[in-house]
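By convention here, the first residue in the shown sequence is residue 1.
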Amino acid sequence: MEEYKRGKAIARPDIKMGFARERKIRVIEPSEELRLALCNLLMVILIEPTIRHKVVSSAQPIIPYFHEAMLILAGFVRDPFPDLQVCAAEAIAQLCAEIPLFHQVLIPYATPFARILMANLRHKLAKVRLATIHGIWRTVAVEHASKCRGAGVEAIADLVGFQENNIVNTSSFYIPDTRINYFADLTRDKSIPVRRALSLCLADWFARLPDRRDHQPRIVAYILNFLIDDDAQVRDAAREGLDTAGDEWAREHEEKVREKKQYGVDGDSRCNHDPKGLPRPYVIERPPMGSRLIVRAFSNRFLQPALEELAHWRDKARSQSALLLCVLIVYCEEHLVQELPKIIHSVSKALAKIRREKYEIEQRNLVLRCCETLGRYAAPDTYLQFLSPRISGDLQVVPG
């Protein structure tokens, strides 16, 4: 803190804390139970008068000290005691979600709260990660009515580890500047309740944030990733959020949708739209038109990474990318034909590596399942021109 006050270029503390293996924070009160009781007392002082009077006014005793109360809550989030971290995260979620009267007052604190909570997403205890997800969920969604956006949406870029290509922080010249993709880590979390909570959180942001159009491109890949989760409730939550956002997308693009429905051109007639043969249980029927339109609009952002990871050195990454590609094909249908050269090259490379490295037969079946799904929506004359040279061994296409 002293270095920051003197003007030294240092990394943001919330980013730095994400890499810390151990919390080195000096705690004045040594009793964990007393610190936990203090957090509960603070919430009673904040919430009870508001519920009783149904209004947030300067007449309430806590309002002149609201800033200090928020700083105390932020300190509780960073406390090394897990139960206190859970209590603080739940308190922040309750303030932001259950008491709309506080929304106007909480606007300046929404993004800082979301950022200071992020480090707890890597906690070793699932209950801390679960409470933290609920806290971040509610802080990001605090309504900023005057700007028609969520008050904490600036934290979404930090949660996905986003960095501008042409912007370099001053601190990067002196110390390493590495970002963490918290969402990518949590989609592989071993705890089902944690994945379920994150699925509900992303589905809510994807469909209900006032400025969701600005953030849907960053979230849609994780929504699709939850569609291939092993837990049915996680898949249902992701599908519901995607369908809700798709319905709204269809209403906003009513003319385009109406033309497709009136002229009966919802997909190429040569494609196989029969639900039989779809990659169950991840997709059980043809997705609604709105959902397909919204996924197609953003598919180019994550198609290439999914193709590259088909030949990843880790088994789990290869399996996940194959399933994700399979679901993406179902949503994009014949519109992925324009990417056939890229897809065929990546699939051929993955199959060659599976055969060369002698991976498990399950890996090969997943990649072949992608080919089978793609064949439902691509006419033979579109891919034979790319496959024939590979089958014949043309060295210009397949270097020897």
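The shortest distance between side-chain heavy atoms of Glu333 and Arg296 falls below 4.5 Å. The side-chain heavy atoms of Leu159 and Leu121, taken from C-beta on, include a pair separated by under 4.5 Å. Taking 4.5 Å as the limit, every side-chain heavy atom of Val86 sits out of range of all side-chain heavy atoms of Leu130. At least one side-chain heavy atom of Leu36 sits under 4.5 Å from a side-chain heavy atom of Cys87. A 4.5 Å side-chain heavy-atom check between Tyr182 and Arg122 finds at least one atom pair inside the cut-off. Under the 4.5 Å side-chain criterion, counting only non-hydrogen atoms from C-beta, Met43 is in contact with Leu95. Inter-residue side-chain proximity for Arg149 and Glu154 is flagged as met; some heavy-atom pair is nearer than 4.5 Å. The side-chain heavy atoms of Leu278 and Ile284, taken from C-beta on, include no pair separated by under 4.5 Å.
Clustering ILVMFWY residues whenever any of their side-chain heavy atoms sit less than 4.5 angstrom apart, transitively, puts Trp137 in a cluster other than the one holding Val128. Connection of Ile223 to Ile329 is established within a shared hydrophobic cluster, with ILVMFWY side chains joined at heavy-atom distances below 4.5 Å, either directly or through further cluster members. Under a hydrophobic-cluster definition in which Ile, Leu, Val, Met, Phe, Trp and Tyr are linked whenever side-chain heavy atoms come within less than 4.5 Å, directly or via other members, Leu125 and Leu84 are assigned to different clusters. Put simply, Phe298 and Ile156 are part of the same group of oily side chains (I, L, V, M, F, W, Y) that touch within less than 4.5 Å, one to the next. Hydrophobic cluster membership differs between Leu71 and Leu42, with clusters built from Ile, Leu, Val, Met, Phe, Trp and Tyr side chains linked at under 4.5 angstrom.
Judged by distance alone, with hydrogens and angles left aside, the side-chain atoms of Ser346 form no donor-acceptor pair with the main-chain N or O of Ile343 at under 3.5 Å. At distances below 3.5 Å, not a single donor-acceptor pair connects side-chain atoms of Arg364 with backbone N or O atoms of Ile354. The backbone N or O of Ala74 sits nowhere less than 3.5 Å from a side-chain atom of Arg78 that would complete a donor-acceptor pair. Side-chain N or O atoms of Asp243 include none that pairs as donor or acceptor with a backbone N or O of Pro288 at under 3.5 Å. When atom types are taken as modelled, the side chain of Arg239 and the backbone of Leu227 share no donor-acceptor pair closer than 3.5 angstrom. In this structure, Asp231 contributes its side chain and Val234 its backbone to a donor-acceptor pair below 3.5 Å.
One finds the CD1 atom of Ile133 at 7.0 Å from the CG atom of Asp189 (value rounded to the nearest 0.5 Å). To the nearest 0.5 angstrom, Leu242 atom CG is 9.5 Å from Asp247 atom CG. Taking CD1 of Ile107 as the reference point, atom NZ of Lys147 lies at 9.0 Å (rounded to 0.5 Å). Here SG of Cys201 is found 15.0 Å from CZ of Arg196. Values are rounded to the nearest 0.5 Å. We find the CD-NZ distance between Glu309 and Lys316 to be 12.5 Å, quoted to the nearest 0.5 Å. Summarising the geometry, atom CZ belonging to Phe81 is positioned 9.0 Å from atom OG belonging to Ser31; distances are rounded to the nearest 0.5 Å.
Shown here for Ala97 and Arg138, the closest heavy-atom pair between the two residues is CB-CD, 3.4 Å. Gly152 and Ala110 get closest at one heavy-atom pair: N-CB, 3.8 Å. Taking every heavy atom of both residues into account, Glu248 and Ala207 meet most closely at OE1-O, 4.4 Å. The shortest non-hydrogen separation linking Phe76 to Ala88 is CB-CB, 3.7 Å. Arg115 and Ala155 make their closest contact through CG-CB, 4.3 Å (heavy atoms, listed as atom of the first residue, atom of the second, distance). The shortest heavy-atom contact between Arg213 and Pro217 is O-CD, 3.5 Å.
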Val347 and Ile344: side chain to side chain contact (heavy atoms under 4.5 Å, CB included), yes or no, with the steps?
-> CA-CA 5 Å; Val347 168; Ile344 290 176; 5.9 Å; no

Could you go step by step and tell me if Val153 and Trp205 meet the side chain to side chain contact (heavy atoms under 4.5 Å, CB included) rule?
-> CA-CA 9 Å; Val153 292; Trp205 290 352; over 6 Å; no

Checking side chain to side chain contact (heavy atoms under 4.5 Å, CB included) for the pair Leu325/Thr373: CA distance, chi angles, key distance, verdict?
-> CA-CA 10 Å; Leu325 178 60; Thr373 306; over 6 Å; no

Steps toward side chain to side chain contact (heavy atoms under 4.5 Å, CB included) verdict (Leu336, Lys342) | CA-CA 10 Å; Leu336 275 184; Lys342 188 187 302 183; over 6 Å; no

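Judged purely by distance below 3.5 Å, without hydrogens or angles, the side chains of Gln304 and Glu308 pair a donor atom with an acceptor atom. Looking at Tyr377 and His335, their side chains never bring a donor and an acceptor atom within 3.5 Å of each other.
Within 6.0 Å of atom CD in Glu339, more than 12 heavy atoms from other residues, nucleotides or ligands are found, so the atom counts as buried in its surroundings. Counting non-hydrogen atoms of neighbouring residues, nucleotides and ligands closer than 6.0 angstrom, the CZ atom of Arg212 exceeds 12 such neighbours.
Within the structure, ring pair (Phe, Tyr, Trp, His ring centres under 6.0 Å) contacts touching residues 208-238 (residues at least two apart or in different chains) are Phe183-Tyr222.
The aromatic rings of Tyr109 and Phe113 lie tilted to each other, with the angle between the two planes from 30° to 60°.
Salt bridge Asp274/Arg376: absent, no basic N to carboxylate O contact under 4.0 Å.
Remark: of the listed residues Arg195, Gln320, Arg235, Arg195 is the sole one forming a side-chain hydrogen bond (donor to acceptor under 3.5 Å, both in side chains) with Asp229.
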